[in-house]
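To start, the structure itself, in structure tokens.
When a ligand or atom number is given, it counts from 1 through the structure's own listing order. Note that the numbering runs from 1 along the sequence shown for the chain.
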Amino acid sequence: MTLVAANPELKSPATGSSNIANPWVLIVGASSGIGRAVAKRWASAGSDVLLAGRDVEDLNRSAADLRLRYGHRVEVVSFDALDFDSHEAFWRDCLSRAGGDLAGVVMLHGWMPPQADAQSDFALARKAIDTNYTSAVSLLTLAANEFEKKKRGFLCVFSSVAGDRGRQSNYAYGSAKAALTAFLQGLRNRLFKSGVTVLTVKPGFVDTAMTWGLPGLFLVATPEKVADDAFKAVGKNRAEIYTPFFWRYIMLIIKSVPEFVFKRMKL
Ligand SMILES: NC(=O)c1ccc[n+]([C@@H]2O[C@H](COP(=O)([O-])OP(=O)(O)OC[C@H]3O[C@@H](n4cnc5c(N)ncnc54)[C@H](OP(=O)(O)O)[C@@H]3O)[C@@H](O)[C@H]2O)c1
């Protein structure tokens, strides 16, 4: 906390355009590969962090490590994205742990089924939609309404380049991310006048459990690089980033391939 108050360079990116006096940031999906790096990035810049996810034991280990490294407050909150009925109580609990006032939310939970399984079993396609999209809508609605009332706060949400164009190799997951990206565009448009910022983060391939063992990966980034890009983009009130940046150009090319060519490609 002292670090934040004393160093204007650190306090702005840590909390975006938010209330600097209260640096609590909620990280949803904090046990993810990128989530761990995100928690470190925000804590190293002076934020107190709430780590939310299903694996409380794992989160408790991360919390102990963060407290030791950075000396800030770190708390663990249990969260199951698919238990929609629990979301409101979860959100109230997070707010109360943060003294009624969160500076922002970083949302990273997600799940990618093998495409072959999702196209033979609707339950898996639905799980991908519910984990990546429906649950995000539920939680973002609670956070957005709260932040809109307070006229401050940031929402930093992890979508994916996979949502930019449907491909045969992962369109179940990609379509959920496309829906999330569109939802965030609308939310950003709605919240602009209240000063609440909404950042869409679109990573390319990142070295985490989600991509472990997948064939055909290239230009794979570290979770630390992606976390740092997201952190800096919140500080600059950016609307959307590709991370690493060159994915913007890769996706520009992929999006511009005409459909009559694209449908014949093996992507
Ligand atoms: N890795 C990539 O190449 C890549 C590329 C583009 C976008 N992204 C996006 O970036 C974000 C982080 O990805 P990652 O690679 O770091 O993922 P990861 O290591 O596979 O972690 C996924 C996270 O989602 C959580 N999760 C899954 N289902 C959940 C549920 N029902 N309730 C609560 N939490 C749940 C997992 O929690 P448990 O530990 O409890 O399972 C885990 O923390 C995701 O949104 C992902 O779609 C990743």
Side-chain angles (χ1 to χ4, degrees), residues 26-41 50-62 76-87 90-91 94 105-115 118 123-124 126-140 155-165 167 169-181 183-184 199-227 229-230 240-244 247-248 250-251:
L26 168 62
I27 300 167
V28 183
S31 65
S32 71
I34 303 172
R36 288 174 211 279
V38 159
K40 272 192 190 155
R41 189 63 189 89
L50 292 174
L51 306 179
R54 290 183 295 192
D55 190 343
V56 170
E57 241 177 68
D58 177 83
L59 293 176
N60 275 327
R61 279 194 296 272
S62 292
V76 169
V77 197
S78 171
F79 172 71
D80 183 349
L82 297 178
D83 183 5
F84 300 117
D85 291 343
S86 70
H87 288 190
F90 163 75
W91 175 251
C94 290
V105 179
V106 186
M107 196 175 288
L108 302 115
H109 67 281
W111 183 67
M112 184 171 69
Q115 175 59 32
L124 296 182
R126 182 177 178 172
K127 186 175 162 189
I129 294 163
D130 283 347
T131 307
N132 294 293
Y133 180 58
T134 322
S135 68
V137 171
S138 165
L139 204 51
L140 284 168
L155 299 167
C156 168
V157 185
F158 277 66
S159 185
S160 172
V161 294
D164 276 14
R165 189 159 193 180
R167 289 174 293 119
S169 58
N170 75 343
Y171 63 86
Y173 168 80
S175 63
K177 290 297 194 184
L180 178 60
T181 296
F183 183 87
L184 292 169
L199 168 67
T200 306
V201 182
K202 293 182 177 177
F205 296 125
V206 190
D207 185 15
T208 68
M210 186 171 276
T211 52
W212 193 84
L214 287 183
L217 300 190
F218 57 97
L219 300 172
V220 179
T222 63
E224 288 72 23
K225 163 70 180 152
V226 169
D229 282 353
E240 179 185 274
I241 57 160
Y242 287 80
T243 167
W247 280 96
R248 178 177 297 281
I250 295 174
M251 295 318 294

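- Of the protein's non-hydrogen atoms, the one nearest atom 13 (O) of ligand 1 is Ile34 CD1, 3.9 Å.
- Distance from atom 43 (O) of ligand 1 to its nearest protein heavy atom, with residue and atom name: Ser31 OG, 2.8 Å.
- Annotation: the span from Met210 atom CE to Ser32 atom OG amounts to 8.0 Å, rounded to 0.5 Å.
- Nearest heavy atom pair, residue Val161 against residue Gly204, reads CG2-CA, 3.9 Å.
- Annotation: atom 8 (N) of ligand 1 to nearest protein heavy atom, Tyr173 OH, 3.7 Å.
- Side-chain contact between Arg54 and Ser31: absent, with no pair of heavy atoms (C-beta onward) separated by less than 4.5 Å.
- In this structure, Gly53 does not count as a contact residue of ligand 1, since none of its heavy atoms falls inside 4.0 Å of the ligand.
- Only the backbone of Phe205 comes within contact range of ligand 1, with a heavy atom under 4.0 Å; no side-chain atom does.
- At a heavy-atom cutoff of 4.0 Å, ligand 1 is contacted by the backbone of Ser159 but not by its side chain.
- The ligand atoms of ligand 1 that sit less than 4.0 angstrom from a heavy atom of Phe79 are 32 (N), 33 (C).
- Protein heavy atom in closest approach to atom 40 (O) of ligand 1: Arg54 NE, 3.0 Å.
- Taking atom 48 (C) of ligand 1 as the reference point, the nearest protein heavy-atom neighbour is Met210 SD, 3.9 Å.
- Remark: Lys202 is not positioned above the aromatic ring of Trp247, lacking an NZ or CZ atom under 6.0 angstrom from the ring centre and at most 45 degrees off the axis.
- Summary of contacts: the protein heavy atom closest to atom 3 (O) of ligand 1 is Val206 N, 2.8 Å.
- If you check which protein heavy atom lies closest to atom 19 (O) of ligand 1, you get Gly33 N, 2.9 Å.
- Aromatic rings of His87 and Phe90 (six-membered ring for Trp) have centroids beyond the 6.0 Å cut-off, not under it.
- Remark: minimum distance from atom 11 (C) of ligand 1 to any protein heavy atom is reached at Leu108 O, 3.0 Å.
- Below 3.5 Å of separation, one finds no N or O of Val161 facing any N or O of ligand 1.
- Each of Leu50, Val28, Val56 was scored for a side-chain contact (heavy atoms from CB on, under 4.5 Å) with Val77, with one residue passing: Leu50.
- Ligand 1 places these atoms under 4.0 Å from at least one heavy atom of Ser160: 6 (C), 7 (C).
- Here the CG-OG1 distance, from Leu124 to Thr131, works out to 10.5 Å after rounding to the nearest 0.5 Å.
- Leu108 CG to Arg36 CZ: the interatomic distance, rounded to the nearest 0.5 Å, is 12.0 Å.
- Using 4.0 Å as the threshold, Trp111 has no heavy atom nearer than that to any atom of ligand 1.
- Of the listed residues (Met112, Arg36, His109), the one carrying the non-hydrogen atom nearest atom 25 (C) of ligand 1 is His109.
- Between Val220 and Thr211, the closest side-chain pair of non-hydrogen atoms is not below 4.5 Å.
- In summary, the aromatic rings of Phe158 and His109 are positioned with their centroids too far apart to meet the 6.0 Å limit.
- Applying the 4.0 Å criterion to heavy atoms of Gly204 picks out, from ligand 1, the atoms 3 (O), 4 (C), 5 (C), 6 (C).
- With a 4.0 Å cut-off on non-hydrogen atoms, Lys177 touches ligand 1 through its side chain and not its backbone.
- Within the model, atoms CE of Met112 and CG of Asn132 stand 9.5 Å from one another, a figure rounded to the nearest 0.5 Å.
- In this structure, CG in Leu217 is found 5.0 Å from CZ in Phe205, a value given to the nearest 0.5 Å.
- Considering all non-hydrogen atoms of both residues, Val226 and Ala221 come closest at CG2-CB, 4.2 Å.
- Only the side chain of Thr131 comes within 4.0 Å of ligand 1, counting heavy atoms alone; its backbone N, CA, C and O stay farther away.
- At a 4.0 Å heavy-atom cut-off, ligand 1 touches Thr211 through the side chain alone.
- Contact annotation: for Thr208 versus ligand 1, heavy atoms closer than 4.0 Å belong to the side chain alone.
- Atoms of ligand 1 found under 4.0 Å from any heavy atom of Asp80 (numbered from 1 in listed order, with element): 30 (C), 31 (N), 32 (N).
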